[in-house]
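Below is one structure; the comments refer to it alone.
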Amino acid sequence: MSHLLDQAQIASILSTYGYWAIFVVVALESAGIPLPGETMLVGAAIFARLTGAMAIENIVVAAAAGAIVGDNVGYWIGREYGTKLLERYGHYVGLGPEKLRLGQYLFYRWGGTIVFFGRFFALLRILAASLAGANHLPPGRFFIYNATGGIVWACVFGYGGYFLTAGFEKIKGPIAIALAGGLAIGLFMLWRYYKRHEARLIREADAMLSQRR
């Protein structure tokens with residue numbers, strides 16, 4: 001989605017709407033709408049460095065606030081509607097009752113890590129909060145990891161874009177590719193682990209969920 005906005009378009013939007021543009025775009029992306037929130041953040045940081053028309057500290061605050069608010073909206077949507085949709089239609093994509101219980105168990109154990117690091121990957125940035133809600137990650141834990149991830153992400157890409165200016169756009173691509181490669185390897189290893197221990201994990205999930213009822 002990043003190709004939808006170039007630097008000139010970002011500058012025009014920021015000149016008209018200021019920090020609210022950053023907040024709204026990042027919040028909507030975090031809530032589950034595929035908008036280029038990260039591109040907006042980096043573009044705003046470059047715009048601030050080149051023109052001095054905006055304060056980088058306020059840009060980072062706006063992006064972090066948008067990430068936190070948007071993720072909380074996505075979490076609520078997932079919690080209110082995602083579970084029902086998965087229970088009703090999950091079997092069409094191989095997510096029967098056992099797999100749904102296992103998903104809740106895995107999010108209970110590692111959901112905070114998924115929410116935190118998901119902030120740095122485009123697809124997970126859109127989906128992580130809703131998945132956390134649908135899989136009943138405890139609200140308190142979600143808020144802590146969500147807020148921490150949003151603040152760290154806003155600082156890394158905001159200050160990175162500001163101090164490295166246009167050069168950050170050149171290194172952001174290779175960094176994203178390296179992170180995506182690491183994520184793919186990690187997911188493959190988790191899949192192998194799951195296939196080897198599927199029965200035990202389902203038993204643990206059933207035991208945990210029965211205790212929480």
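A quick note: this is a predicted structure, and the numbers were derived from the prediction, not measured.
Grouping the Ile, Leu, Val, Met, Phe, Trp and Tyr side chains by contacts below 4.5 angstrom, directly or via other members, places L14 with L41. Hydrophobic clustering (side-chain heavy atoms under 4.5 Å, transitive across Ile, Leu, Val, Met, Phe, Trp, Tyr) groups Y19 together with L50. Linking ILVMFWY residues whenever their side-chain heavy atoms come closer than 4.5 Å, directly or via other members, leaves L131 and I68 in distinct clusters. Hydrophobic clustering (ILVMFWY, side-chain heavy atoms < 4.5 Å, transitive): V61 and M40 are in distinct clusters. One hydrophobic cluster, built from ILVMFWY side chains closer than 4.5 Å, holds both I59 and V69.
The CG atom of L35 sits 5.5 Å away from the CG atom of L28 when rounded to the nearest 0.5 Å. In this structure, F120 CZ and F157 CZ are separated by 6.5 Å, a value rounded to the nearest 0.5 Å. Here the CD1-OH distance, from I22 to Y17, works out to 14.0 Å after rounding to the nearest 0.5 Å.
In this structure, Y75 and N146 have side chains that are not in contact, with every pair of non-hydrogen atoms separated by 4.5 Å or more. Considering only heavy atoms from C-beta on, F142 comes within 4.5 Å of N72 through its side chain. The shortest distance between side-chain heavy atoms of F163 and I56 does not fall below 4.5 Å. No side-chain heavy atom of S130 sits less than 4.5 Å from a side-chain heavy atom of Y81. With a 4.5 Å cut-off on side-chain heavy atoms, Y162 and I46 do not count as touching. Using a 4.5 Å cut-off on side-chain heavy atoms (C-beta onward), V26 and W153 make contact.
Aromatic pair F116/Y145: ring centres not closer than 6.0 Å. The aromatic ring centroids of W20 and F23 lie less than 6.0 Å from each other.
For the residue pair A132 and V115, the shortest heavy atom distance occurs at CB-CG2, 4.0 Å. Nearest heavy-atom pair across A154 and A64 is CB-N, 3.7 Å. Nearest heavy-atom pair across E38 and E29 is N-OE1, 4.0 Å.
Side-chain polar atoms of R119 and S30 form a donor-acceptor pair below 3.5 angstrom.
Around the CZ atom of F143, the shell of radius 6.0 Å holds no more than 12 heavy atoms that belong to other residues, nucleotides or ligands.
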